[in-house]
Amino acid sequence: MDRVYLDYAATTPCDPEVMAAMQPFFYERFGNASSPHFFGRRARKAMEDAREELAGFIGAKPEEIVFTSGATEANNLAILGTARALKPKGRHLIIGAIEHHSILEPARQLAKEGYQITYVPPDPTGIISPFEIQKALQSDTILVAVGHANNEIGAIEPIEDIGYLCREAKIYLLTDIAQTIGHIPVDVSTLRADFASLSAHKFYGPQGVGALFMRKGVTCGPWLLGGDQERGRRASTQNVAGTVGMAKAVGLCRNRMDQEAGIQQKLRDELIDAVLSGFAGVVLNGPASNRLPNNAHFSFPNTDGEELVARLDLAGVACSVGSACTSGQLEPSHVLKAIGLSDRMALGSLRVTLGRWSSRADSARFIQQLKIIDPCKKK
Ligand code: PMP
């Protein structure tokens, strides 16, 4: 069966050009980037070139990039590393209520260790107001964490404004750019972020590699211990092939991002129109504008989202209820609850995310199969 992939927010295919760029680093050009001999120096050079490429793309300096295994590790490092290093200064953190679990869980861990966490809710469209962040600031606040764009409902957050007030208050800002890098412009200076986390597999690079941008001079202890790699900020042999692939993915996005975003947004808008006009009672979650160009997220009344996704999958169409990391949970998504959806609407959710290889034929197949399943019909 021909299958249609409409779950690019969960992961993207690795671009064949990325795979080609990585390939030599598994054998012909292998080496441990910490080894002082030729093989190591060669690997190190490739990795440092990759660091420069990634840094340049997000407006950072190469030495401000710490390679990690992905955004989860980057978020853990920023939150736990900062909180523990700044413990004498303060023990209060402000976290967006719709953050990814790789931010929520370390925060929950810190709460067990005596830190105080304030969760700031979004408005009904998923936007976190800088004003609400400001209200939550305390004299002992050490970190604010708000993602650049939400991975479920695609809301793009006003990070520049949040960054402005964090900087005024001399409080660190962590923003998770996993869903925005390679899809919309990201510049850590414009955003006024002190930390930014990302994963290569969200923008046509390989899985298992990512980075944390750490602004020069920030206080953040290492999290993984056992080696001096990444200037002592993250122990473990570096994933040279992965960083080379990530840099190649950056290069491709640099050239294509604007055009691809335009194409995906047009296709996505047509898909949204078709769903909203074709099914009674369905709602679009997330903001109308200030939304990732490839994201559509719906709630169907009286529908079990997990079952809908399973039926679409049987028909050859891959979508998700929300985040891939939480699928299989019977609880309604914390994001959908935070924007005020009832359990009934939150459980009937469907996320459709487009990408580099999405076509009009793909969205037509999705609509056709959705009509056959007819999630809104009275049961
Ligand atoms: N943050 C966001 C916003 C994400 O969408 C994801 C992936 N679902 C992550 C963090 C975690 O990325 P990874 O699983 O690659 O570590």
Side-chain angles (χ1 to χ4, degrees), residues 5-14 18 54 58 66-81 95-108 122 126-128 145-157 159 162 173-184 186 188 191 193 195-213 223-224 234 236 239 242-243 245-246 249-250 286 291-297 309 318-329 333-336 338 349 351-355:
Y5 186 74
L6 295 172
D7 198 14
Y8 278 81
T11 196
T12 61
C14 196
V18 169
L54 175 63
I58 61 169
V66 178
F67 288 132
T68 66
S69 61
T72 297
E73 189 195 317
N75 284 329
N76 274 259
L77 170 58
I79 294 179
L80 300 173
I95 309 278
I98 57 173
E99 291 309 298
H100 189 266
H101 284 281
S102 58
I103 287 187
L104 295 176
E105 289 306 320
R108 212 186 310 273
I127 302 293
I128 295 185
V146 177
H148 193 197
N150 182 264
N151 58 316
E152 292 189 36
I153 56 175
I156 300 174
E157 304 296 342
I159 300 300
I162 294 172
L173 171 66
L174 161 65
T175 191
D176 180 333
I177 57 171
Q179 291 290 335
T180 49
I181 178 172
H183 298 276
I184 61 170
V186 175
V188 289
L191 295 177
F195 297 93
S197 49
L198 62 103
S199 273
H201 72 97
K202 305 286 188 183
F203 59 101
Y204 314 104
Q207 295 179 342
V209 64
L212 177 66
F213 156 74
W223 182 238
L224 280 185
R234 195 264 186 186
S236 183
N239 177 355
T243 59
M246 178 156 64
V250 160
R291 180 181 199 115
L292 288 173
N294 69 334
N295 170 290
H297 190 288
V309 166
C319 306
S320 71
V321 283
S323 154
C325 317
T326 51
S327 63
Q329 287 184 1
S333 132
H334 68 288
V335 175
L336 302 181
S349 67
R351 180 183 71 179
V352 183
T353 47
L354 312 179

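We count ligands from 1, going down the list as the structure has it; atoms in each ligand are counted the same way. Residues take their numbers from the sequence shown, with the count starting at 1.
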Exercise for the section: Give the contacting part of E73 toward ligand 1: side chain, backbone, both or neither, where contact means a heavy-atom distance below 4.0 Å. Expected result: neither
Exercise for the section: Would you please say whether a donor-acceptor pair under 3.5 Å links the side chains of N75 and S197? Expected result: yes
Handout entry: Main-chain N/O of L336 paired to S333 side chain as donor or acceptor, under 3.5 Å
Key = yes
Exercise for the section: Take every heavy atom of S102, measure it against each atom of ligand 1, and state whether any distance is under 4.0 Å. Expected result: yes
Problem - Heavy-atom donor-acceptor pair, S199 side chain to A71 backbone, under 3.5 Å - result: yes
Exercise for the section: Indicate whether the side chain of H201 and that of T11 have a donor and an acceptor atom separated by less than 3.5 Å. Expected result: yes
Exercise for the section: Mark up the atoms of ligand 1 that fall under 4.0 Å of a heavy atom belonging to S199, in ascending order. Expected result: 12 (O), 13 (P), 15 (O), 16 (O)
Handout entry: Interfacing atoms of ligand 1 (cut-off 4.0 Å, heavy-atom, N151)
Key = 3 (C), 5 (O)
Problem - Within reach of ligand 1, part of H201 (heavy-atom separation under 4.0 Å) - result: side chain
Problem - Ligand-residue contact atoms, ligand 1 with K202, heavy atoms, under 4.0 Å - result: 5 (O), 6 (C), 7 (C), 8 (N)
Handout entry: Any N or O of Q179 closer than 3.5 Å to N or O of ligand 1
Key = yes
Completion exercise
If you compare I98, D176, T68 by their heavy atoms, the one closest to atom 1 (N) of ligand 1 turns out to be D176
Handout entry: Region of T72 engaging ligand 1 - heavy atom pairs below 4.0 Å
Key = both
Practice task
Using a 4.0 Å heavy-atom cut-off, say whether A71 meets ligand 1 through its side chain, its backbone, both or neither.
Solution key: both
